[in-house]
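Both ligands and their constituent atoms are indexed starting at 1 by order of listing. Just the heavy atoms: all of them, side chains too, but no hydrogens, waters or symmetry mates, feed the values below.
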Amino acid sequence: MTRDNTNSANENRTRKPSESTGLRRRAFLARTGVAAGALAIGGSTIAGADVQEVTDVPGFSCDQPQFTCGREVTAADGMVSSVDPIASGVAAKVLREGGNAIDAAVALQYVLTVTQPHGSGIGGGGFMVVYDADSETVECVNSRERASQNASPELFRHGGEYDQNIETGEAMGAPGTVRGLETARERYGTFSRQRLIDPAIRLAREGFTVDWFLAEEIAENTDKFNDAAIETYSDDQGSLYEEGDTMTNPDLADTLECIRRRGADGFYRGPVAEDIAATIREYARDPDQVVDEDDLAEYDVTIDDPVRKEWYDVELVGQPMPSSGPTVCAMVLRMLELLEVEEYDIRSAEKYHLIADSIYSAWADRMEYMGDDEFVDVPVDALLSDDYLRSRADPIEFGQTVFPEDGPMGPGQPGETAHFSVVDRWGNAVSYTSTIEQFMGSGKMVPGRGFLLNNELTDFDDEPGGPNEPDAWKRPLSSMSPMMVMRDGKPEFTAGSPGGWAIVSATFQAILHRYAYELDPLESITEPTIYTHSFGGIEWDEGVPQEARDTLAEWGHDVDDEPGEIGNVQVIAAENDTLTGAADPNRDGQAVGFDRAPGRGSDD
Ligand code: GLU
């Protein structure tokens with residue numbers, strides 16, 4: 001085990017939750033001064049140069065003239081951008097066959113369950129932001145996991161801190177993804193369930209090529225795998241799958257067949273649900289508080305109105321609570337606009353300082369005020385008001401940070417997801433972030449069913465007392481940030497990322513680079529970023545200049561010694577009748593464009 005997303009990061013995380021939760025946290029914030037504000041309320045790779053050939057999708061090839069594949073591509077009639085070339089290919093094929101963006105997104109997510117099971121899947125949840133071109137409205141299909149109806153604020157009383165809970169039944173929320181996909185398909189889609197789930201079934205049954213990232217995540221998460229997971233991620237000889245192997249998952253194929261036949265009920269009621277509940281019970285410390293068959297049968301999504309904030313001459317739109325992500329992105333971006341960040345060089349200490357101090361302030365508000373709005377009254381309008389954001393931006397000045405010298409430095413919350421976007425020829429758009437929380441979630445696979453259960457409920461505070469305490473049927477606060485930037489009511493740019501708390505930093509900086517610095521879509525995600533939160537400590541991408549880092553340190557920031565890797569951003573820009581998709585080169589992501597009349601609108 002060399003990577004730190006399971007072992008060392010989890011050790012680190014033990015320092016975070018006690019600071020981050022409940023009364024102790026508030027006491028800390030009051031003491032250190034990065035407290036919540038007082039509210040009066042109630043280097044890029046270009047088109048085609050880095051194409052991943054996709055041979056696992058019958059009927060799809062990057063060589064076909066209607067498709068353009070690469071880290072950044074343009075097209076006229078459809079665009080997909082995801083972390084997985086196979087999934088992007090499947091979705092592009094749906095677009096070619098006349099499916100809309102929502103159809104393509106549903107097919108894509110089912111495929112990710114098979115090909116990228118470390119990042120998301122039917123054992124997890126997510127947020128799908130949908131622009132419906134017919135009604136010219138944005139809605140959010142919210143499939144966030146819920147705690148059991150029998151859970152209490154003391155859900156984690158047996159466990160203590162984060163790392164002791166990640167593999168427990170208490171951490172496993174009622175999964176939302178299948179209900180979310182089927183609801184989205186019924187509400188906005190035009191293709192049948194069977195058509196959209198078949199590519200995933202085929203890949204699970206007949207096999208797909210394991211990419212380096214999946215191979216790495218399999219090798220590095222064996223400690224938390226149960227026997228079923230080890231078996232599923234091993235070949236016939238009992239060796240863990242490696243990069244380039246052809247992996248099959250017949251159990252998952254059967255589970256998907258069951259959904260194919262019975263719809264979401266095939267997952268939430270009957271034998272699959274019984275097995276999910278039994279697995280959760282097996283790992284529970286307190287079986288009375290964990291998700292059971294009744295919870296699964298009653299799970300449903302909500303359809304949410306997005307959070308919105310005007311910014312420069314566009315509007316920022318995204319998933320509202322229980323994700324803090326788009327709200328915090330909007331707070332930070334508006335503060336940066338008020339601070340006139342665009343006046344400073346894109347790699348200057350001044351720019352990074354304004355970003356870091358804006359994050360410290362917004363993050364303190366996140367910790368103080370935000371939680372599932374079915375349970376707590378989150379003052380979103382007040383937090384997003386210009387008067388309030390001006391009051392948060394005003395104390396920020398060069399030469400010193402608003403973060404106190406003796407404030408605790410700690411790691412943020414790690415975690416992993418998948419973000420992808422799809423836009424179709426009619427103007428429909430999807431920005432969807434989907435997760436099982438950590439890489440490989442809880443590591444516990446439902447035996448005989450081929451998918452991993454999430455450990456999303458660790459996103460709750462592990463102590464009672466704050467707005468994000470656990471409770472019955474409550475959804476944990478998220479950082480996932482599926483966003484759309486709208487101009488004149490239409491989506492012009494979609495963005496999102498995995499990365500735990502770093503999702504927010506990765507997503508808003510892509511948007512900042514696109515709009516305040518006018519970078520191309522791919523440049524907007526490859527331009528080096530920084531990441532921090534209200535516990536301090538700045539992580540930075542390779543490319544943040546030494547001189548800027550030295551200045552940040554002089555001004556009181558705690559800057560990491562070595563570069564890190566922040567997020568994995570996928571974006572689509574829709575401007576002047578041209579769609580430009582870009583996929584983050586830090587993994588194997590690929591954008592695939594679709595043109596009905598090849599050549600027209602392509603970038604050659
Ligand atoms: N559990 C995280 C959240 O909802 C998502 C996983 C990730 O960190 O990427 O914020």
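Near M480, meaning under 4.0 Å from any of its heavy atoms, are these atoms of ligand 1: 3 (C), 4 (O), 5 (C), 10 (O). Atom numbering of ligand 1 starts at 1 in the shown order; those under 4.0 Å from a heavy atom of T417 are 5 (C), 6 (C), 7 (C), 9 (O). Contact atoms of ligand 1 toward S479: 3 (C), 4 (O), 10 (O) (distance under 4.0 Å to a heavy atom of the residue).
With hydrogens and angles left out, the side-chain atoms of D295 and S148 include a donor and acceptor closer than 3.5 Å. Judged by distance alone, the side chains of S82 and D84 never bring a donor and an acceptor atom under 3.5 Å apart. Side-chain polar atoms of T529 and D541 form a donor-acceptor pair below 3.5 angstrom.
Looking at ligand 1, you won't find any N or O of L477 less than 3.5 Å from one of its N or O atoms. The shortest N or O to N or O distance between I503 and ligand 1 is not below 3.5 Å. Checked against a 3.5 angstrom limit, the closest N/O atoms of E437 and ligand 1 fall inside it.
Taking a 4.0 Å cut-off on heavy atoms, Q438 fails to register as neighbouring ligand 1.
Using a 4.0 Å cut-off between charged side-chain N and carboxylate O, R144 and D459 make a salt bridge. For R475 and D373, the salt-bridge test passes: some basic side-chain N is under 4.0 Å from an acidic carboxylate O. Classification of E374 and K474 as a salt-bridged pair fails, no side-chain N sitting under 4.0 Å from a carboxylate O.
You'll find the ring centres of Y233 and Y241 outside the 6.0 Å limit.
Proximity of H419 to ligand 1, defined as any heavy-atom pair under 4.0 Å, is not found for any part of the residue.
Counting only non-hydrogen atoms, the option in D459, T435, N568 that gets closest to atom 2 (C) of ligand 1 is D459.
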